[in-house]
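I have placed the structure first, in the form of structure tokens, so that the comments after it can refer back to it.
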Amino acid sequence: MDRFMAMAIEEAAATKAEGGSPFGAVLVRGGEVIGRGRNMMIQNNDPLSHGEMEAIKAAGLQESYADTVLYTTAFPCLMCAGAIVRYQIPKVVIGASWEHSAPSREFMESHGIELDEWRLEECYQLVE
């Protein structure tokens, strides 16, 4: 595991400790983190506050996202996949995935997003 996925796992563990849903994400450009996020739906009473969305928001408006990589502890949902496609984030590194990920997988792949699934035990354990 690399340091960026480790950071995403830290975010997921932190939100889980707060009583939130255990998902985290980190947006990286050129080996530097430009945004970190964790699922804050429960804490913020905000259904849009997924880890991927929070990482993108933390990065702020960028001239382009074409040279970024999004690390996420779990396969993005369709909402997050929409943001990934909209902002043309070309690669997503995924810690864990499940069968119900198929619609967002197909959507991102149909838009040329590279999906790199690592299937890390640490990420599955967060969700248990």
Side-chain angles (χ1 to χ4, degrees):
M1 175 183 355
D2 74 3
R3 65 186 176 113
F4 302 121
M5 183 59 75
M7 289 178 195
I9 290 170
E10 287 172 10
E11 292 292 333
T15 196
K16 184 175 184 176
E18 297 167 352
S21 298
F23 305 106
V26 176
L27 188 60
V28 176
R29 170 182 286 124
E32 298 294 325
V33 174
I34 62 170
R36 288 177 74 143
R38 63 180 80 163
N39 187 302
M40 297 291 288
M41 287 177 31
I42 294 169
Q43 297 94 318
N44 294 342
N45 191 32
D46 179 357
L48 304 179
S49 188
H50 290 201
E52 297 90 342
M53 302 294 268
E54 294 299 314
I56 294 168
K57 286 195 298 188
L61 286 174
Q62 302 288 312
E63 186 173 314
S64 171
Y65 297 82
D67 57 347
T68 62
V69 177
L70 181 67
Y71 290 77
T72 181
T73 58
F75 209 98
C77 70
L78 273 170
M79 176 183 70
C80 295
I84 291 163
V85 168
R86 164 65 180 89
Y87 292 105
Q88 300 175 348
I89 297 169
K91 181 176 181 178
V92 182
V93 179
I94 302 152
S97 64
W98 296 267
E99 288 182 23
H100 68 271
S101 304
S104 57
R105 174 192 312 281
E106 292 166 7
F107 177 69
M108 287 188 287
E109 287 178 340
S110 75
H111 286 86
I113 308 299
E114 179 186 348
L115 305 175
D116 186 2
E117 294 181 63
W118 290 2
R119 300 182 187 272
L120 299 171
E121 188 58 35
E122 299 91 332
C123 293
Y124 290 105
Q125 288 174 354
L126 283 165
V127 179
E128 291 177 355

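Just so it is clear, the structure is predicted and the values come from calculations on it, not from any experiment.
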Is it true that Arg29 and Glu32 make a salt bridge, defined as a side-chain N closer than 4.0 Å to a carboxylate O?
->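 A salt bridge is absent here (no side-chain N lies under 4.0 Å from a carboxylate O).
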If you compare all heavy atoms of [X] against all heavy atoms of [Y], which two are closest, and at what distance to 0.1 Å?
X: Phe75; Y: Ser101; result: CB-OG, 3.3 Å
X: Ser21; Y: Thr15; result: O-CG2, 2.9 Å
X: Gly95; Y: Cys123; result: CA-SG, 3.6 Å
X: Gln43; Y: Gly20; result: OE1-CA, 3.6 Å

Of Met53, Glu54, His50, the residue whose pairing with Met41 passes side-chain contact (heavy atoms from CB on, under 4.5 Å) =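 Of all the options given, the one that passes is His50.
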In chain order, what residues pass the side chain to side chain contact (heavy atoms under 4.5 Å, CB included) check against Ala25, with sequence neighbours excluded?
->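 Expected list: Glu52, Ala55, Leu70, Thr72.
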With Asp116 via side chain to side chain contact (heavy atoms under 4.5 Å, CB included) - residues at least two apart =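 Partners of Asp116 by the side chain to side chain contact (heavy atoms under 4.5 Å, CB included) criterion, ordered by chain and then number, come out as Lys91, Val93, Trp118.
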Would one find more than 12 heavy atoms of other residues, nucleotides or ligands at under 6.0 Å from atom CG of Asn45?
->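 No, not enclosed.
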Over 12 non-hydrogen atoms of neighbours within 6.0 angstrom of CD in Gln88 =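 Counting other residues, nucleotides and ligands, CD of Gln88 stays at 12 neighbours or fewer.
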Is there a path of hydrophobic side-chain contacts, each under 4.5 Å between heavy atoms, that joins [X] and [Y]?
X: Leu48; Y: Leu78; result: no
X: Val28; Y: Tyr65; result: no
X: Tyr71; Y: Val33; result: yes
X: Met5; Y: Leu126; result: yes

Salt bridge (Lys or Arg N to Asp or Glu O under 4.0 Å) pairs, two or more places apart, involving [range]:
range: residues 68-80; answer: none
range: residues 4-13; answer: Glu10-Arg36, Glu11-Arg36, Glu11-Arg38
range: residues 72-81; answer: none

Please list, chain by chain and in numerical order, all residues satisfying ring pair (Phe, Tyr, Trp, His ring centres under 6.0 Å) with Phe23, sequence neighbours excluded.
->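 Ring pair (Phe, Tyr, Trp, His ring centres under 6.0 Å) list for Phe23, sorted by chain: empty.
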Side chains of [X] and [Y]: does their closest heavy-atom pair fall under 4.5 Å?
X: Met108; Y: Val85; answer: yes
X: Phe4; Y: Val69; answer: no
X: Ser97; Y: Arg105; answer: yes

Is a donor on one side and an acceptor on the other found under 3.5 Å between the side chain of [X] and the backbone of [Y]?
X: Ser104; Y: Pro76; answer: yes
X: Tyr87; Y: Ala66; answer: no
X: Thr68; Y: Ile89; answer: no

Roughly how far apart are [X] [atom1] and [Y] [atom2], rounded to 0.5 Å?
X: Leu27; Y: Ile34; atom1: CG; atom2: CD1; value: 4.0 Å
X: Thr73; Y: Leu120; atom1: OG1; atom2: CG; value: 10.0 Å
X: Ile113; Y: Phe107; atom1: CD1; atom2: CZ; value: 8.5 Å

Full working for side chain to side chain contact (heavy atoms under 4.5 Å, CB included) between Met40 and Asp46 | CA-CA 7 Å; Met40 297 291 288; Asp46 179 357; over 6 Å; no
